[in-house]
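In what follows, a structure is listed as C-alpha cells, so that the remarks can point back to it.
Note that the coordinates shown come from a computational prediction; the quantities given were computed from them, not determined experimentally.
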Amino acid sequence: KTIRLYCSKSVRRLIEGLTSYKEQAWDTLKKDLKLLYDDSLNRQRYNLKDAKKFAKQQREIRITSWTKFLNYHRSAVAIIGWLKNNGRIDETKADTLFWQGIHKAFRNRLEGRLIMLFPNHSLRNPFPTDQVVAAAEFLLERNRFDHMEDLGYDEDDEDRDSEDED
C-alpha cells in the first residue's frame, strides 16, 4: 500500500490504475510492474562478449602488487561473477575468463605456484578462481622479508660495495 509514497506522480498514477494494486494482489502487481518497465533490461547487465573484452583488456595490465590484483579481482567479480551467478556462464567458463584476464607474466608465476600446490590438477581444466586468488595473495604478500626498499636498502649500495672490493 505504501509503495506509492516512494514513486513519482506518474508512476503512482500507473500503480493506482492497475487492477492488481486495487485487489492487493502483490505478486501480480510485481509481475505487472516488471512487464510494464521491461525488467529484462535491468536483468541483463553483461554478456559473454563483455567478459571476453574485459579479459582481453585486463591481460595487458601488469600485476605487480596485491592492490593491483585486488583491483582486477573486483572488476572480474563484477562482470564474470555476475554472468556466472545469473546462469549466463558456468563455473569452468568463469574460471577460464578470470585466468585469461591476468597478465601473462604474472599468470606464469601463478601457474608455477598452483602446480606446486596441486600437482594432480589436469591442465585441461582451468584452476578454480579461489585457488588463483589464494596463490596471488601468497605471491604478492605485502610484508615479504625481501622488500628491502622498505628498510632503506638500495640496490645501488650493493653495486658500490662490490666496486670497493675490486
Sub-4.5 Å side-chain heavy-atom contact between Arg12 and Lys9: yes
Shortest non-hydrogen separation from Trp82 to Arg45 and the atoms involved: CH2-N, 3.2 Å
Can you list every pair that meets salt bridge (charged side-chain N to carboxylate O under 4.0 Å, His left out) and has a residue in residues 14-30, with sequence neighbours left out? Arg4-Glu16
Return the CG to CZ distance between Leu110 and Phe69, rounded to the nearest 0.5 Å. 6.5 Å
Interatomic distance, CG@Asp95 vs CG@Asn125, rounded to 0.5 Å, equals 9.5 Å
Any chance CZ of Arg62 has more than 12 other-residue heavy atoms, nucleotides or ligands included, within less than 6.0 Å? no
Contacts satisfying side chain to side chain donor-acceptor pair (under 3.5 Å) that involve residues 98-123 (not counting sequence neighbours) are none
Applying side-chain contact (heavy atoms from CB on, under 4.5 Å), run through Leu114 and Gln131 and close with a yes or a no. CA-CA 8 Å; Leu114 290 163; Gln131 291 177 358; 4.0 Å; yes
For Arg142 and Thr67, does a side-chain donor sit closer than 3.5 Å to a side-chain acceptor? yes
Less than 4.5 Å apart, side chain to side chain, heavy atoms only: is that true for Leu140 and Phe106? yes
Using the benzene-type ring in the case of Trp, are the ring centres of Tyr72 and Phe98 under 6.0 Å apart? yes
With sequence neighbours left out, what residues match Ala51 under side chain to side chain contact (heavy atoms under 4.5 Å, CB included)? Ile79, Ile80, Leu83, Leu97
Distance, nearest 0.5 Å, that separates OG of Ser8 from CG of Leu14: 9.5 Å
Measuring only between side-chain heavy atoms, which start at C-beta, is Phe54 closer than 4.5 Å to Tyr46? no
Let me check something: do Leu18 and Val11 share a hydrophobic cluster, defined by ILVMFWY side-chain heavy atoms less than 4.5 Å apart, either directly or through other members? yes
Indicate, with yes or no, if Ile102 and Trp66 share a hydrophobic cluster defined by side-chain heavy-atom contacts under 4.5 Å among Ile, Leu, Val, Met, Phe, Trp and Tyr. yes
Heavy atoms, side chains only, cut-off 4.5 Å: are Ile63 and Asn71 in contact? no
Where do Thr129 and Ala94 come nearest, in terms of heavy atoms and distance? OG1-O, 4.4 Å
Phe127 CZ to Thr96 OG1 distance, which is reported to the nearest 0.5 Å: 11.5 Å
In Å and rounded to the nearest 0.5 Å, what is the CG to CG distance from Asn47 to Asn86? 12.5 Å
Val133 and Leu139: same hydrophobic cluster, using ILVMFWY side-chain contacts below 4.5 Å? yes
Kindly compute the distance separating CD1 (Ile61) from NZ (Lys68), expressed to the nearest 0.5 Å. 9.0 Å
